[in-house]
Student: 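Encoded as structure tokens, here's the structure I'll be asking about.
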Number of protein chains: 2
Amino acid sequence: MKHLPHKTIERLSQYRRALLICLDKGQTHIYSHEIARIQHITAVQVRRDLMLIGYTGTLRKGYNVKELIDLIGEIIDSQEGINVAIIGMGNLGRALINYFSGKRSHLKIVASFDINPDKIGNSMSGVPCYSSEEMDKVIKEKDIRIGIMTVPAEFASQTTDALVKAGIKGILNYTPKPVTVPKEVYLEEYDMITSLEKVAFYVKLNEKEEA
Amino acid sequence: MKHLPHKTIERLSQYRRALLICLDKGQTHIYSHEIARIQHITAVQVRRDLMLIGYTGTLRKGYNVKELIDLIGEIIDSQEGINVAIIGMGNLGRALINYFSGKRSHLKIVASFDINPDKIGNSMSGVPCYSSEEMDKVIKEKDIRIGIMTVPAEFASQTTDALVKAGIKGILNYTPKPVTVPKEVYLEEYDMITSLEKVAFYVKLNEKEEA
DNA sequence: CTAACAATGTTAAATAAATAACAAAAAACT
DNA sequence: AGTTTTTTGTTATTTATTTAACATTGTTAG
Ligand SMILES: NC(=O)c1ccc[n+]([C@@H]2O[C@H](COP(=O)([O-])OP(=O)(O)OC[C@H]3O[C@@H](n4cnc5c(N)ncnc54)[C@H](O)[C@@H]3O)[C@@H](O)[C@H]2O)c1
Ligand SMILES: NC(=O)c1ccc[n+]([C@@H]2O[C@H](COP(=O)([O-])OP(=O)(O)OC[C@H]3O[C@@H](n4cnc5c(N)ncnc54)[C@H](O)[C@@H]3O)[C@@H](O)[C@H]2O)c1
């Protein structure tokens, strides 16, 4: 398989999420236009994405839900699963752990880290909280390859450095402070304010156009 | 000014965030390559974005931080400011309110909604929590134009419908359930699992390439 | 004073992504 | 049996976005 577009990767993850719901409902097959409607995109886009990953459906029956879920899994997940840690057990860290805990996934949150003694030693949704000082050791011992950063912004850089030093392979940065990583580490950053301001811009634009 | 690309809007928001930090540090001017380094992009991209919004810097001195912040504000914000509400005061809703409260912004979170009687009537970071039943009334009274949805996924659709009915103009959906809105309402959806699975995919890809 | 430099601003080219167009084939209808 | 319909799969086209090329112009150094 050749290079998959970034956008296709994101959509595959979303398709799978929708497909899992269909599977739960007992649906065995699904048409491209049904997937498309759920995701607010076109059926052509769905078929093109599936073509790119080499999955072929049945004419007039659509795609086999179970098979497609498994294939997306083969592409996105690694067989053995990937271990994940959350750094910073504040409001956001707790929200994420809580959200993730219900999900069946090859990605497992296996540890969290904090500097607050009140949090260290406790567990939340089965995820133990360690002291940040143990980060290097725990990351190596538990073979943690992805870190989700939810520390205060002023600690973002030093936490990043510590994660990189411990051998982490990917970082998902939720602090509003952009950080820098060596090129062998994959970095994804997200900030709510960007999303919210984008919504505000288009709301304003819509209002103008109506006027 | 003609149509700004979606990606440019996102970057403008990010530039401003970085510029506000520079302003606090007392920095009066900044070069395109400095902005670029902070955001992990190229200086050309920065200059191109600024060209699109018609801002012109000073040769060899760079861009005036204050002026640029103000100009981005004129483009992204509306003069009067836009009122925002959060629906669902759980872990995530609290994290977002808390995060947002410190920020100076033309976007103001002025209300939150919940169905849990324990939460209704309380305030958090100065944001009062109302009963969901009052949503229609409060949204109209307070001229709330954007809603951030952090309710459990199973309530996503009905909450969306209620927001639309109340006349909301934009929705930021943090539930993992994709929702549908009429075309005059701007919708942005975000799910952490998509980001995390994307990170996982590229981590796996990097590992393969190294091997 | 002039040449080299370091920055911006703009146009052009390349790349990435989405959309459209259409071919193929199984199923359903007549 | 043949025709229409419906849905997939693929190639071609268009649109969006990024990157590159280069022209411009104050500033500094010789
Ligand atoms: N991306 C978004 O949409 C978004 C939304 C909300 C908050 N945030 C950001 O996420 C971060 C966390 O937000 P929050 O509301 O959870 O804050 P919080 O203050 O509730 O939590 C921060 C936690 O990090 C811990 N901590 C501090 N320094 C640490 C260190 N060096 N190592 C490990 N842990 C450390 C603290 O003890 C605390 O438990 C902030 O940077 C905030 O700006 C981002
Ligand atoms: N996008 C992401 O990255 C992300 C991360 C974490 C959680 N989530 C999602 O965000 C949502 C909230 O997560 P959480 O951890 O805060 O959950 P939570 O259970 O802590 O909070 C949900 C809140 O919504 C309230 N609520 C329930 N029904 C309501 C209704 N009809 N109207 C108004 N309020 C209502 C509940 O009383 C509760 O306070 C969930 O859908 C979760 O899956 C998304």
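Because only heavy atoms are used, hydrogens play no part in the values below, and waters and symmetry mates are left out as well, while side chains stay in. Residue numbering restarts at 1 for every chain, and letters A, B, ... go by the order of the sequence lines. A quick note: this is a predicted structure, and the numbers were derived from the prediction, not measured.
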Student: Please enumerate all residues that pass ring-ring contact (aromatic ring centres under 6.0 Å, His included) together with A/Y99, with sequence neighbours excluded.
Tutor: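 Once residues adjacent in sequence are excluded, A/Y99 has no partner under the ring-ring contact (aromatic ring centres under 6.0 Å, His included) criterion.
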Student: Less than 4.0 Å between a side-chain N and a carboxylate O, is that true for B/K66 and B/D70?
Tutor: yes
Student: Start with the C-alpha distance between B/D136 and B/K140, add both sets of side-chain angles, then the distance that settles salt bridge (charged side-chain N to carboxylate O under 4.0 Å, His left out), and finish with yes or no.
Tutor: CA-CA 6 Å; B/D136 202 88; B/K140 281 168 181 155; 2.7 Å; yes
Student: Among B/D114, B/I86, B/I97, which one satisfies side chain to side chain contact (heavy atoms under 4.5 Å, CB included) with B/C129?
Tutor: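 Answer after filtering B/D114, B/I86, B/I97: B/D114.
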Student: Working note: A/R16 + B/E197, criterion salt bridge (charged side-chain N to carboxylate O under 4.0 Å, His left out); need CA distance, chi angles, decisive distance, verdict.
Tutor: CA-CA 11 Å; A/R16 177 164 63 173; B/E197 291 187 340; 2.7 Å; yes
Student: What are the atom names and distances for every N/O pair under 3.5 Å that joins the protein to nucleotides 19-28 of chain D?
Tutor:
{"unit_1": "D/dT19", "atom_1": "O4", "unit_2": "B/R48", "atom_2": "NE", "d": "3.0"}
{"unit_1": "D/dG26", "atom_1": "N2", "unit_2": "B/R60", "atom_2": "NH1", "d": "2.4"}

Student: Rounded off to whole Å, could you give me the CD1-to-P distance for the A/I53 and D/dG9 pair?
Tutor: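 Answer to the nearest Å: 11 Å.
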Student: Quick one, B/Y63 with B/T58, criterion side chain to side chain contact (heavy atoms under 4.5 Å, CB included). Give me CA distance, side-chain angles, the key distance, then yes/no.
Tutor: CA-CA 6 Å; B/Y63 303 92; B/T58 313; over 6 Å; no
Student: Not counting sequence neighbours, which residues clear salt bridge (charged side-chain N to carboxylate O under 4.0 Å, His left out) with B/K177? List them please.
Tutor: none
Student: Between B/E207 and B/K204, does the salt bridge (charged side-chain N to carboxylate O under 4.0 Å, His left out) criterion hold? Intermediate values first, please.
Tutor: CA-CA 5 Å; B/E207 285 174 356; B/K204 202 179 79 166; over 6 Å; no
Student: Could you state the atom-to-atom distance from CE of A/M51 to C1' of C/dA24 in whole Å?
Tutor: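 Rounded to whole Å, this separation is 15 Å.
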Student: Mind listing the residues from residues 5-20 of chain B sitting with a heavy atom below 4.0 Å of DNA chain C? Number order is fine.
Tutor: none
Student: Given atom NE2 of B/H29 and atom C1' of C/dT8, what is their separation to the nearest angstrom?
Tutor: 13 Å
Student: Take atom CG of A/D49 and atom C1' of C/dA17, then tell me their distance rounded to the nearest Å.
Tutor: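 Whole-Å distance recorded here is 10 Å.
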Student: Can you measure B/H3 atom NE2 to D/dT17 atom P for me and round it to whole angstrom units?
Tutor: 11 Å
Student: Judged by modelled atom types alone, do B/E67 and B/Y55 share a side-chain donor-acceptor pair under 3.5 Å?
Tutor: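 Their side chains do contain a donor-acceptor pair, which is all the 3.5 Å distance test asks for.
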Student: Whole angstrom is fine here: how far is it from CG in B/L50 over to P in C/dA7?
Tutor: 16 Å
Student: Could you tell me how far apart A/L52 (CG) and C/dA16 (P) are, to the nearest whole angstrom?
Tutor: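 Answer to the nearest Å: 14 Å.
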Student: According to the ring pair (Phe, Tyr, Trp, His ring centres under 6.0 Å) rule, which pairs have a member within residues 178-199 of chain B, sequence neighbours left out?
Tutor: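 Non-adjacent pairs meeting ring pair (Phe, Tyr, Trp, His ring centres under 6.0 Å): A/Y190-B/Y190, A/Y202-B/Y186.
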Student: Would you mind reading off the distance between B/H33 atom NE2 and C/dA6 atom P, rounded to a whole angstrom?
Tutor: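 Distance, rounded to whole Å: 11 Å.
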Student: Show your reasoning for whether side chain to side chain contact (heavy atoms under 4.5 Å, CB included) applies to A/N83 and A/I146.
Tutor: CA-CA 7 Å; A/N83 291 333; A/I146 294 176; over 6 Å; no
Student: Under a 4.0 Å heavy-atom cut-off, which of residues 186-198 of chain A touch DNA chain D?
Tutor: none
